[in-house]
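Please read all numbers here as calculations on a predicted model, not as lab measurements.
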Amino acid sequence: MMQRKLALLVGIGALAILLMLKWEHVITLINGEKASVQFALQPRQQTPTDTITPIPGSRHLMVSAFKDHRLGGAIRVISIICRQELQPLYCVLCANAKADANVDAKADGAPGQCTSFQAKVHQHSDDFGFPFVTSDVLCLSPALQQATRVSITANPYAFHNLTFLSIQNQEVKESFKYNFTVCISNLFGVYNNALQFAQTMEVYKLIGVQRVVIYNTSCGPDVEKILKYYSKEGMLEVVPWPIDKFLKPSTGWSYDLHHGDIHYYGQLTTLNECIYRYMYQSKYLLMNDIDEIIMPYKHANLENLMGILQQQRPNAGVFKIENHIFPKTQFDDSGRFRLPRWRSVPGVNILEHVYREPDRKHVFNPTKVLINPRSVEQTSVHTTLKQFGLVFNVPFDVCRIIHVRVPLQGQLSKDQLFVDKKLWEFEKLLIPSIDRALNESGVL
């Protein structure tokens with residue numbers, strides 16, 4: 001019996017040695033702290049629809065990877081970390097043997113040289129009490145410059161069956177495809193407010209927005225038609241967001257009130273992902289909800305607005321915009337935009353709601369932000385968490401958010417509300433464009 005056990009141990013040891021030789025391990029030290037392991041590997045690539053990937057050996061999730069040139073070329077992996085199960089995580093960086101300088105596209109899967117070392121995990125300060133929190137897993141190593149793909153693992157010695165993310169933002173760009181992009185965090189449930197969504201998209205066009213990004217978990221059938229219409233048109237990017245396949249997402253913002261694993265279907269993760277996804281694609285980003293419009297009131301469009309604001313505040317990279325409620329329970333008495341052809345379309349007709357609630361000086365008025373993405377490192381919902389430039393509070397009369405929703409001051413009568421018909425100024429161009437979108441999408 002002892003001889004059999006001895007033979008088995010010898011066999012296992014020999015196999016381990018062969019595996020080590022096969023993987024071509026080379027042990028070196030980085031900053032005298034953690035061991036780096038270099039080896040040959042044929043990685044498996046994340047597909048475009050696999051926007052969320054489990055981190056092996058943990059309950060954590062990774063989303064996407066970007067080179068951050070502001071941090072010396074560090075690789076930032078947007079992740080979702082379980083706060084209650086913190087553990088060391090390891091970066092596995094690979095350089096494709098056939099990769100060229102442009103590696104934002106999918107890798108071709110050819111074998112390449114890989115390096116593993118311990119990562120640094122930075123949890124974002126806003127978690128609203130939920131056990132899973134948006135985090136940055138940072139990979140810092142001299143081996144970064146040639147890396148085209150990265151994976152994160154909790155096991156530093158098991159590299160098989162890893163899924164790799166393409167490292168985006170490989171190059172700094174000074175010119176941008178878009179001037180203004182709207183980042184809309186999440187669609188979930190059976191959200192089917194098709195009329196308001198189409199109206200809002202057409203208003204965006206008229207004030208200078210060229211791109212809209214939506215992270216979609218699920219939605220109603222009519223909103224699905226609108227999504228397909230604007231995607232085909234080229235204005236909209238829909239990013240699949242199957243967070244409910246991995247966690248129990250909350251439908252609200254507070255853990256004490258709504259419970260669940262993660263805040264609002266991972267809203268904070270998608271907002272931060274959008275910043276890095278469009279960092280070198282768009283000059284500015286508007287970080288607002290699907291039922292909100294950041295509207296210039298003293299300028300014809302966003303370009304004119306930001307031209308003046310940036311001239312007045314050249315060192316600012318974050319512009320906070322006040323949110324103002326237009327109750328969907330109060331209607332314009334004239335019925336001017338109560339168009340019969342829109343009655344069959346599900347959703348709110350924002351042109352009918354011209355009454356605005358007064359500001360309450362004793363109550364916090366949440367803001368949304370318009371940002372230069374290259375000035376922001378981390379964001380929350382209503383303000384940024386880490387930024388490189390200054391933050392400027394834009395005056396209410398210069399720019400504010402038109403937010404048509406349920407009232408917050410429902411006790412007020414119509415006479416106690418302000419009349420705000422800003423959207424009516426776009427009537428001539430807006431009505432035909434809404435009709436066209438509803439017809440061509442098949443909603444009408």
Side-chain angles (χ1 to χ4, degrees), residues 128 182-186 191-204 206-207 209 251-254 257-258 264 267 271 286-299 302 305 309 318-339 342 346-370 380-383 391-427 430 434:
F128 298 98
V182 176
C183 293
I184 296 175
S185 55
N186 301 81
Y191 183 85
N192 205 38
N193 192 348
L195 181 57
Q196 182 171 1
F197 181 34
Q199 291 175 332
T200 300
M201 290 290 286
E202 295 303 326
V203 172
Y204 285 158
L206 295 175
I207 62 176
V209 172
T251 57
W253 67 273
S254 169
L257 296 175
H258 307 102
Y264 239 143
Q267 179 184 30
L271 288 175
L286 292 74
M287 317 292 287
N288 55 260
D289 293 342
I290 195 169
D291 58 354
E292 298 173 334
I293 300 172
I294 293 179
M295 176 62 68
Y297 271 73
K298 285 192 173 182
H299 305 86
L302 292 167
L305 167 70
L309 290 182
V318 177
F319 299 85
K320 297 174 71 172
I321 314 294
E322 286 186 12
N323 184 39
H324 288 268
I325 306 302
F326 290 65
K328 66 179 184 179
T329 53
Q330 299 287 1
F331 293 81
D332 164 54
D333 293 328
S334 72
R336 178 175 174 178
F337 294 101
R338 199 169 299 142
L339 305 182
W342 291 353
V348 176
N349 181 355
I350 61 176
L351 295 171
E352 290 191 271
H353 304 288
V354 296
Y355 292 94
R356 172 170 50 82
E357 291 184 354
D359 192 18
R360 295 174 292 177
K361 301 302 180 185
H362 61 287
V363 176
F364 170 71
N365 184 9
T367 61
K368 293 296 171 65
V369 291
L370 192 162
S380 185
V381 179
H382 301 294
T383 187
V391 177
F392 177 64
N393 294 304
V394 179
F396 155 82
D397 61 329
V398 174
C399 181
R400 57 181 174 263
I401 295 174
I402 296 176
H403 191 181
V404 180
R405 51 156 290 167
V406 296
L408 291 182
Q409 302 176 64
Q411 77 283 2
L412 299 181
S413 67
K414 187 177 289 186
D415 293 337
Q416 295 173 295
L417 303 175
F418 294 102
V419 176
D420 187 334
K421 298 181 179 180
K422 178 65 178 179
L423 291 176
W424 288 15
E425 297 177 11
F426 303 98
E427 175 185 3
L430 184 59
I434 294 171

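L370 has its side chain out of reach of C399: every pair of non-hydrogen atoms, C-beta onward, lies at least 4.5 Å apart. Using a 4.5 Å heavy-atom cutoff, the side chains of N193 and P346 are not in contact. For the pair F319 and L305, the minimum side-chain heavy-atom distance is 4.5 Å or more. Taking 4.5 Å as the limit, some side-chain heavy atom of T200 sits within range of a side-chain heavy atom of I350. Side chains of I402 and L423 form a contact here, defined as non-hydrogen atoms less than 4.5 Å apart. Looking at heavy atoms from C-beta onward, F128 lies in side-chain contact with S380 at the 4.5 angstrom threshold. Counting only heavy atoms from C-beta outward, the side chains of K368 and L286 never approach each other to under 4.5 Å. Contact annotation: the side chain of V398 approaches that of H299 to within less than 4.5 Å [non-hydrogen atoms, C-beta and beyond].
Contact record, H324 with D359: CE1-CB, 4.3 Å, taken as the closest heavy-atom pair. Contact record, L271 with C183: CD2-O, 4.2 Å, taken as the closest heavy-atom pair. Considering all non-hydrogen atoms of both residues, F326 and I401 come closest at CE1-O, 4.3 Å. Heavy atoms only, all atoms of each residue included: P358 and F418 are closest at CB-CE1, 3.4 Å.
In this structure, CG on L412 lies 10.0 Å from OG1 on T329, to the nearest 0.5 angstrom. Distance check: L302 CG to M295 CE gives 8.0 Å after rounding to the nearest 0.5 Å. Rounding to the nearest 0.5 Å places OH of Y297 at 7.0 Å from NZ of K422. N288 CG to I321 CD1: the interatomic distance, rounded to the nearest 0.5 Å, is 10.0 Å. For the atom pair CD (Q330) and CD1 (I325), the distance works out to 13.5 Å, reported to the nearest 0.5 Å. Separation of atoms CD (E202) and CZ (F197) is listed at 10.5 Å; rounding is to 0.5 Å.
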_I'd like to know whether H353 forms a ring-ring contact (aromatic ring centres under 6.0 Å, His included) with F331, so could you lay out the CA-CA distance, the side-chain angles of the two residues, the decisive distance to 0.1 Å, and finally the verdict._
CA-CA 5 Å; H353 304 288; F331 293 81; 4.6 Å; yes
*Applying side chain to side chain contact (heavy atoms under 4.5 Å, CB included), run through Q267 and D289 and close with a yes or a no.*
CA-CA 10 Å; Q267 179 184 30; D289 293 342; 3.6 Å; yes
*Test log, rule side chain to side chain contact (heavy atoms under 4.5 Å, CB included), inputs I293 and I207*: CA-CA 10 Å; I293 300 172; I207 62 176; 4.3 Å; yes
_Using side chain to side chain contact (heavy atoms under 4.5 Å, CB included), reason through I290 and Y191 one step at a time and then give a plain yes or no._
CA-CA 11 Å; I290 195 169; Y191 183 85; 3.4 Å; yes
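Side chain of N365 to backbone of N323: a donor-acceptor contact under 3.5 angstrom is found. Side-chain atoms of N349 come within 3.5 Å of backbone atoms of F337 as a donor-acceptor pair (strictly under, hydrogens ignored). With Q416 contributing its side chain and S413 its backbone, the two residues share a donor-acceptor pair below 3.5 Å. Looking only at distances, no side-chain donor or acceptor of H403 sits under 3.5 Å from a matching main-chain atom of E292.
For an aromatic pair to be called close, the ring centres must be under 6.0 Å apart, and Y264 with H258 fails this.
Residue pairs meeting the salt bridge (Lys or Arg N to Asp or Glu O under 4.0 Å) criterion with at least one partner in residues 393-413, sequence neighbours excluded, are K298-D397, R400-D420. Within the structure, salt bridge (Lys or Arg N to Asp or Glu O under 4.0 Å) pairs that include any residue of residues 320-331 do not occur (at least two apart or interchain).
Other residues, nucleotides and ligands contribute over 12 non-hydrogen atoms within 6.0 Å of the CH2 atom of W424.
With hydrogens and angles left out, the side-chain atoms of D332 and S334 include a donor and acceptor closer than 3.5 Å.
Considering only residues two or more places apart in sequence or on other chains, E357 meets the salt bridge (Lys or Arg N to Asp or Glu O under 4.0 Å) condition with none of them.
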